[in-house]
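Numbering of ligands and ligand atoms starts at 1, following listing order. For reference, positions follow the sequence shown, starting with 1.
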Amino acid sequence: MTNNSISIRKVTLHRLAMTLKDPFSTSFGTFQEKDFFVIEMEDDTGCIGFGESTAFSSPWYSEETVETNKHLMEKFLIPLLLESPIGHPDEVSKRFEPFRRNNMAKAALEGAVWDLYAKRQSIPLYVALGGEKQQIDVGISIGIQSSTKELLRVVDGFVNEGYKRMKIKIKPGYDYEWLKEVRNHFPDTLLMADANSAYTLRDIETLKKLDDLNLMMIEQPLGHDDIIDHAKLQAQLTTPICLDESIHSSEDARKAVELGSCKIINIKIGRVGGLTESKRIHDYCAEQGISVWCGGMLEAGIGRAHNVALTTLPQFDLPGDTAGSSRYWVKDIIDPEVIVNNGVIQVPNLPGIGYEVNRQVLESYRLDKSVFTATNIL
Ligand SMILES: O=C(O)CCC(=O)c1ccccc1C(=O)O
Ligand SMILES: [Mg+2]
């Protein structure tokens, strides 16, 4: 270990409950309450880094939940971080490797180490990651609506706000006809669909019809754990398939690309186990000429800031789902909030994640707090 290595002295888990301004519906369920952890990590010099957990309360996007995140962090992952100094944030995912999966629990802690690492050097997190962009283009993800009229109204609002592309959630019975209405009203808008695994190959005729709508891509139409059927489907569609749920690592990305299961990958830091693995997928996709974009998990400000930093890497060549704080929250936990102007976020040139955590607001949402130090876990 060099004397630059990071000795973590204290990890605080703040458990927060926030309520979305509007319910958000997908093919698998409706979200309004968001329960998650803010990870506060302090080193032996008093420097502090922040991370945010992305699992939901129910295991319907992936098998992880807020409670499994808590279990993994408290019992297995935090003790590993407190055990010995860390030379570089890239070592964190390596250190977590003995424990299978649980990527969102790992990513929440790893994100705090990355922020801490950047803050110790007084450089922005995006610079520490090797990012280049000073501003990033973003789109928005639109949940399932009650009527086509309502869907058109919502799309119109976000088009007028300047978001760079509209992603519309679909499910069987809420797909072609609904999207055709949107396409007819917005002939030149960049549109895509996200099925969250709601279809099977038996639905191929419906999925092929979507080829008429000039969609940028269809995200995760088939099984959450599938790359075989997606390859069969991609061979029969002109619209590119983008994988979300199926990709948990750079190895998954390689296999999916080699099989022809997708032409685009949605990178979510939580789903793939952290920023180091996100970068690895990014680098592989850059080599292969595969487009990537940054997905979202309805994050509060800290998770959102991590997404902004990651998106500055060059192969993030399509607008992601990182909408502004005000799309989700009455009051976000960071100052300033993430602001989107005409579909563009200005990347902050401040140390670490580049946004201040507002302790007063954080505490107003806090249900619980637990503290771990090198001594009290022994
Ligand atoms: O606005 C966001 O943060 C992304 C919203 C979104 O599409 C989503 C929200 C919850 C669970 C899964 C997904 C998804 O990308 O599939
Ligand atoms: Mg998705």
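Both tests hold for K34 against F36: distance to the six-membered ring centre under 6.0 Å, angle to the ring axis within 45°. Under the 6.0 Å distance and 45° angle rule, K209 counts as a cation-pi partner of Y176. Relative to the ring axis of Y61, R271 does not place its NZ or CZ within 45° and under 6.0 Å from the centre. Judged by the 6.0 Å distance and 45° axis criteria, R165 is positioned over the aromatic ring of W293.
Ligand 1 has a nitrogen or oxygen under 3.5 angstrom from a nitrogen or oxygen of D194. Some N or O of D244 is nearer than 3.5 Å to an N or O of ligand 1, by distance alone. Checking only distances, Y61 never comes within under 3.5 Å of ligand 1, N or O to N or O.
Atoms of ligand 1 found under 4.0 Å from any heavy atom of D321 (numbered from 1 in listed order, with element): 1 (O), 4 (C), 7 (O). Those atoms of ligand 1 with a heavy atom of K167 less than 4.0 angstrom away are 7 (O), 14 (C), 15 (O). For ligand 1, the atoms closer than 4.0 angstrom to any heavy atom of M297 are 3 (O).
Only the side chain of N196 comes within 4.0 Å of ligand 1, counting heavy atoms alone; its backbone N, CA, C and O stay farther away. Looking at Q220 against ligand 1, nothing comes within 4.0 Å, counting heavy atoms.
Taking the side chain to side chain contact (heavy atoms under 4.5 Å, CB included) definition, one finds that V361 meets it with K331, I333, N358, S364, Y365, sequence neighbours left out. Checked against side-chain hydrogen bond (donor to acceptor under 3.5 Å, both in side chains), E97 has the following partners two or more places apart in sequence or in another chain: K94. With sequence neighbours excluded, the residues forming a side chain to side chain contact (heavy atoms under 4.5 Å, CB included) with H88 are D90, E91, W114, Y117, listed by chain and number.
Protein heavy atom nearest atom 3 (O) of ligand 1, with residue, atom name and distance: L298 N, 2.9 Å. Of the protein's non-hydrogen atoms, F56 CZ, 3.6 Å is the one closest to atom 10 (C) of ligand 1. In this structure, atom 2 (C) of ligand 1 lies nearest to the protein heavy atom Y328 OH, 3.4 Å. The nearest protein atom to atom 9 (C) of ligand 1, hydrogens excluded, is given as F24 CE2, 3.7 Å; this is a heavy-atom distance. Protein heavy atom nearest atom 13 (C) of ligand 1, with residue, atom name and distance: K169 NZ, 3.4 Å. For atom 4 (C) of ligand 1, the closest non-hydrogen atom on the protein side is G296 O, 3.4 Å. Protein heavy atom closest to atom 15 (O) of ligand 1, with residue, atom name and distance, is K268 NZ, 2.9 Å.
Between N349 and Y126, the side chains place a donor N or O and an acceptor N or O closer than 3.5 Å (distance only, hydrogens not considered). E219 and N266 form a side-chain donor-acceptor contact under 3.5 Å, judged by distance and modelled atom types alone.
Of the listed residues (I136, D137, L310), just one forms a side chain to side chain contact (heavy atoms under 4.5 Å, CB included) with F316, and that residue is L310.
Judged by distance alone, the side chain of Q220 and the main-chain N or O of D244 form a donor-acceptor pair under 3.5 Å. With hydrogens and angles disregarded, a donor-acceptor distance shorter than 3.5 Å links the side chain of T65 to the backbone of E67.
Between K70 and E74 a salt bridge is recorded (basic side-chain N to carboxylate O distance below 4.0 Å).
Excluding waters, the set of protein N/O/S atoms under 2.8 Å from the Mg ion (ligand 2) reads D194 OD2, E219 OE2, D244 OD2.
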